Amino acid sequence: MDKDEMKTLQMELQGLELEEVRLVQELDDLEKTWKQVAGDLGEAQAETETLEKQEQELQRETTVVEWQNQNLSDVLMSLDNRLQHAQSQLGQLITTNIFHMTFTICTEGPLGTINNFRLGSLPILSVSWSEISAAWGQTALLLLSLCRKIGLEFQRYQLVPFGNHSHLKCLADDSELPLFYYVGQTVCLDNKFDLAMVAFLDCLQQFQEQLEKGGLRLPYRVNVEKGQMEELGGTGACYSIRTFNNTEGLWTEALKRMLVNLKCSLHWGSLR
């Protein structure tokens, strides 16, 4: 091998060595790049897993929120229905008169009635004392309600409605007058049942006087001193509200005329 060939081979060897160094460096750079890419890929995968978990959690939260919204919609619909029902009832109550709902007086037949309780009795149409007492309780409640509507406070008596055991309290001495008949009560001039009915007429007269001041005149006059209901006009007919020294028929007529006045008052109260 001559010198030229040797020189050429040495130069090729140096070139190959340089190429080897370059390739080793390039391989090292590639390894570094691979490690960087592998690290970035791991981070990306971890971030992807985190995002997937966040997405799943968001989906669960979205499902819960949608369920809550549906539930709230159902609640709001129910409340809206209840509100409409309440408004409808309120409208009915506004147009409904409480007096007409609570009290019904009928004076067309032989006996006057209030809330289907007969007030009075006749020889041919006997009524039990318990029913008459219940009718008195309703009558007392009506008169007291009407007086409260106009702010009237009775003088001399306090009216105490209590079903079939209603009574009046005398303001002078706190004694009580039973507005009901009980077994064993004496039938005499000063029996307490009669005194209670006359005291009731006293309260009714006070109420009628207030109505007359407003221009309303009721069909029958109350005469407390005589304990009577009296016809207006020229007939002069009068009917005692006492049971003593009276007939069932006349006593019942007095009660019926008293109910007529209260029926007119009931109509007046419903218009106020």
Side-chain angles (χ1 to χ4, degrees), residues 97-122 127 131-161 166 168 177 179-180 193-243 246 248-272:
N97 184 270
I98 189 64
F99 280 107
H100 280 163
M101 285 183 61
T102 309
F103 300 101
T104 301
I105 294 177
C106 178
T107 56
E108 304 303 323
L111 296 173
T113 65
I114 178 169
N115 292 348
N116 294 322
F117 292 111
R118 292 171 292 180
L119 187 59
S121 183
L122 294 171
V127 180
E131 181 177 349
I132 294 172
S133 298
W136 266 118
Q138 295 298 305
T139 305
L141 180 61
L142 171 57
L143 180 58
L144 183 61
S145 300
L146 289 169
C147 289
R148 284 178 175 173
K149 190 173 183 66
I150 62 174
L152 174 64
E153 292 187 5
F154 297 123
Q155 300 177 14
R156 294 177 289 281
Y157 300 101
Q158 177 185 350
L159 194 55
V160 184
S166 302
L168 294 98
L177 297 175
L179 202 56
F180 57 91
F193 182 48
D194 278 2
L195 294 176
M197 289 187 288
V198 174
F200 184 87
L201 285 189
D202 189 344
C203 296
L204 179 60
Q205 184 183 53
Q206 295 176 53
F207 173 68
Q208 290 190 191
E209 288 173 352
Q210 290 296 315
L211 296 188
E212 289 173 359
K213 291 178 181 179
L216 177 64
R217 192 175 186 184
L218 298 178
Y220 299 100
R221 182 188 302 112
V222 175
N223 188 327
V224 177
E225 291 184 1
K226 295 182 178 180
Q228 295 177 345
M229 297 296 300
E230 298 179 348
E231 301 274 359
L232 297 177
T235 63
C238 55
Y239 304 90
S240 175
I241 203 168
R242 293 186 176 93
T243 58
N246 200 3
E248 274 188 324
L250 293 177
W251 175 63
T252 298
E253 287 294 331
L255 296 174
K256 187 175 180 180
R257 281 157 176 75
M258 180 188 71
L259 285 180
V260 169
N261 277 12
L262 285 170
K263 185 176 183 179
C264 295
S265 302
L266 178 61
H267 178 70
W268 165 86
S270 67
L271 299 177
R272 289 179 65 87

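None of the values given here were measured: they were computed from a predicted structure. By convention here, the first residue in the shown sequence is residue 1.
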Worked verdict on Ser265 versus Phe207 for side-chain contact (heavy atoms from CB on, under 4.5 Å): CA-CA 9 Å; Ser265 302; Phe207 173 68; 3.4 Å; yes
side-chain contact (heavy atoms from CB on, under 4.5 Å) assessment of Leu177 paired with Leu179: CA-CA 6 Å; Leu177 297 175; Leu179 202 56; over 6 Å; no
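The existence of a salt bridge linking Glu209 and Lys213 is excluded, since no basic side-chain nitrogen approaches an acidic carboxylate oxygen closer than 4.0 Å. Ion pairing between Arg217 and Glu212 fails under the 4.0 Å rule for side-chain N and carboxylate O. In summary, Glu230 and Arg257 do not engage in a salt bridge, as defined by a charged side-chain N under 4.0 Å from a carboxylate O.
The shortest side-chain heavy-atom distance between Thr113 and Leu119 does not fall under the 4.5 Å cut-off. Using a 4.5 Å heavy-atom cutoff, the side chains of Leu262 and Leu143 are in contact. Taking the side chain as every heavy atom from C-beta outward, Asn261 and Met258 never approach each other to under 4.5 Å.
Taken from CD in Glu108 to CG in Leu111, the straight-line distance is 13.0 Å, to the nearest 0.5 Å. Atom OH of Tyr239 sits about 11.5 Å away from atom CG of Asn246, to the nearest 0.5 Å. Here CG of Asn223 is found 9.0 Å from CG of Leu201. Values are rounded to the nearest 0.5 Å. Atoms CZ and CG, from Arg221 and Leu232 in turn, are 5.0 Å apart once rounded to the nearest 0.5 Å. Separating the OG atom in Ser240 from the CG atom in Leu250 is a distance of 8.5 Å, to the nearest 0.5 Å. Distance check: Cys106 SG to Asn115 CG gives 11.5 Å after rounding to the nearest 0.5 Å.
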Could you go through residues 151-159 and list every donor-acceptor pair under 3.5 Å that involves a side-chain atom there, pairing it with any protein atom two or more places apart or in another chain?
from   : atom 1 : to     : atom 2 : distance (Å)
Arg156 : NE     : Asp202 : OD2    : 2.8
Arg156 : NH2    : Asp202 : OD1    : 2.9

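For the pair Arg242 (side chain) and Trp251 (backbone), a donor-acceptor distance under 3.5 Å is absent. Although no hydrogens or angles enter the test, the distance criterion places a donor-acceptor pair under 3.5 Å between the side chain of Ser121 and the main chain of Val127.
If you look at Trp136 and Phe117, their ring centroids are not closer than 6.0 Å.
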